[in-house]
Undergrad: 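Pasting a structure here, questions to come.
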Amino acid sequence: AEDFATRYGWESRSELRTGRVRDEIEQYLQEHDVHTLVLGAPRGTTTTVFGDDAIERFADEMSRETGVKVEIARPEDET
């Protein structure tokens with residue numbers, strides 16, 4: 001996701017948190033002046049938090065609930 005942001009000239013920051021994914025992301029967005037949230041959608045792993053449909057729904061819900069634009073960065077988009 002950071003590579004995706006850098007490619008578009010966006011300032012990016014990563015932060016590691018523990019807890020429920022949705023709650024932690026919403027809290028982070030409230031704590032910082034975020035214009036765009038970039039969610040990474042890795043491939044080739046056996047444990048993922050989201051499948052393709054689920055991450056699309058999650059992105060839509062986060063955008064609606066927070067008013068922050070949400071982008072999904074996928075490795076196949078990096079070509």
Side-chain angles (χ1 to χ4, degrees):
E2 285 184 347
D3 291 342
F4 182 90
T6 300
R7 194 176 28 198
Y8 287 93
W10 300 338
E11 178 184 336
S12 64
R13 179 186 307 160
S14 293
E15 187 170 313
L16 180 61
R17 293 185 177 210
T18 59
R20 290 187 61 230
V21 172
R22 174 183 296 278
D23 295 344
E24 294 302 318
I25 291 174
E26 287 178 350
Q27 183 176 351
Y28 183 89
L29 296 176
Q30 290 173 1
E31 294 170 356
H32 298 82
D33 184 25
V34 176
H35 300 281
T36 304
L37 170 65
V38 180
L39 299 172
R43 297 291 188 249
T45 60
T46 56
T47 57
T48 59
V49 175
F50 299 108
D52 285 340
D53 292 341
I55 199 166
E56 293 285 345
R57 284 192 307 272
F58 181 76
D60 289 342
E61 291 168 7
M62 289 302 294
S63 182
R64 275 195 318 275
E65 293 171 10
T66 66
V68 172
K69 181 179 178 181
V70 180
E71 296 283 349
I72 300 172
R74 295 181 174 91
E76 64 266 20
D77 293 340
E78 295 181 8
T79 58

Undergrad: For the residue pair I25 and T66, establish whether any side-chain heavy-atom pair is separated by less than 4.5 Å.
TA: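 Counting from C-beta outward, I25 and T66 never come under 4.5 Å.
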Undergrad: Check side-chain contact (heavy atoms from CB on, under 4.5 Å) between T36 and all other residues, then give those that pass, not counting sequence neighbours.
TA: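 For T36, the residues satisfying side-chain contact (heavy atoms from CB on, under 4.5 Å) (neighbours in sequence not counted) are W10, V38, K69, E71.
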Undergrad: Can you list everything that forms a side chain to side chain donor-acceptor pair (under 3.5 Å) with E26? Sequence neighbours excluded, please.
TA: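 With sequence neighbours excluded, E26 shows a side chain to side chain donor-acceptor pair (under 3.5 Å) to no residue whatsoever.
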Undergrad: To the nearest 0.5 Å, how far apart are CG in D60 and CD1 in I55?
TA: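 Atom-to-atom, D60:CG and I55:CD1 are 11.0 Å apart.
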Undergrad: Can you name the residues that form a side chain to side chain donor-acceptor pair (under 3.5 Å) with H32, not counting sequence neighbours?
TA: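 Listed in chain order: R13.
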Undergrad: Applying side chain to side chain donor-acceptor pair (under 3.5 Å), can you list everything that pairs with S14, at least two apart in sequence or on another chain?
TA: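 If we apply the side chain to side chain donor-acceptor pair (under 3.5 Å) test to S14, skipping adjacent residues, the hits are E2.
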Undergrad: Taking all heavy atoms of M62 and all of V70, pick out the closest pair and write down the distance.
TA: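 Between these two residues, the closest heavy atoms are CB-CG2, 4.2 Å.
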Undergrad: For R20, enumerate each residue passing the salt bridge (charged side-chain N to carboxylate O under 4.0 Å, His left out) test, keeping only those at least two apart in sequence or located in another chain.
TA: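 D23.
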Undergrad: Could I get the full list of side chain to side chain donor-acceptor pair (under 3.5 Å) partners for E15, not counting sequence neighbours?
TA: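 Counting only residues at least two positions away or on another chain, E15 forms a side chain to side chain donor-acceptor pair (under 3.5 Å) with R17.
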Undergrad: Looking at CG of L29 and NE2 of H35, how far apart are the two atoms once the value is rounded to the nearest 0.5 Å?
TA: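 One finds 11.5 Å between CG of L29 and NE2 of H35.
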